[in-house]
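Sequential numbering from 1 along the given sequence is applied to the chain's residues.
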Amino acid sequence: MLDGLAFLPLHKIYEGMNYLKTVVSPEANELLEYFDCTYVTGTYKKVGSEECIKLRGIKALYPPEIWNVHESTLNEEHQTNNICESWNNRFKHVVGHNHPTIWKLIDKMRQEISVDIAKIELNDIGRLT
């Protein structure tokens, strides 16, 4: 159910999190609390002396504005905030290993640029599928 929060409108995420807190099984409370602190509402930090303890609100490490895909789903856009991820993964496979020599890297980058130029030219003449 946590993954469903990503598809709610931004203004409904807090309401959705509160709903999850009412229906989740006791075994999942710790996970839900972690998710809430890290991805939704944040947490609090004690500040001040022992005589006068104050709490300061700490924003979520990854707030909903970063991971919410409601609008991008409606607009049929990418549902990731890292659209280069697939290119990076493919290039890693093209190079063949994680730590290539500089010369191998340069050679593979030249090859990749050539492929990209060919794709652009095919697209320009309407032949890219």
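With rounding to the nearest 0.5 angstrom, the CG atom of L5 is 5.0 Å from the CE atom of M17. Of the inter-residue distances, the one linking T43 atom OG1 with L55 atom CG reads 9.0 Å to the nearest 0.5 angstrom.
With sequence neighbours left out, I106 forms a side-chain contact (heavy atoms from CB on, under 4.5 Å) with I102, W103, R110. Every side-chain contact (heavy atoms from CB on, under 4.5 Å) that V115 has, sequence neighbours left out, goes to K119. Looking at residues two or more places apart in sequence or on another chain, you find no side-chain contact (heavy atoms from CB on, under 4.5 Å) involving S114.
When all heavy atoms of E65 and L10 are compared, the closest pair comes out as N-CD2, 4.0 Å.
For residues 6-18, the set of pairs meeting the side chain to side chain donor-acceptor pair (under 3.5 Å) definition, not counting sequence neighbours, is empty. Pairs of residues two or more places apart, or lying in two chains, that qualify as salt bridge (Lys or Arg N to Asp or Glu O under 4.0 Å) and include a residue from residues 30-48 are K21-D36.
Side-chain heavy atoms closer than 4.5 Å link hydrophobic residues (I, L, V, M, F, W, Y) into clusters, and following such links, possibly through other members, connects V95 to M109. There is no path of hydrophobic side-chain contacts, each under 4.5 Å, that joins W67 to L74. Hydrophobic clustering of Ile, Leu, Val, Met, Phe, Trp and Tyr side chains at less than 4.5 Å, counting indirect connections, keeps V40 apart from I58.
Using bins of under 30°, 30° to 60° and over 60° for the plane-to-plane angle, the ring pair Y39/Y62 lands in the parallel bin.
Membership of the apolar cluster around I117 extends to I113, as traced through chained side-chain contacts below 4.5 Å between ILVMFWY residues.
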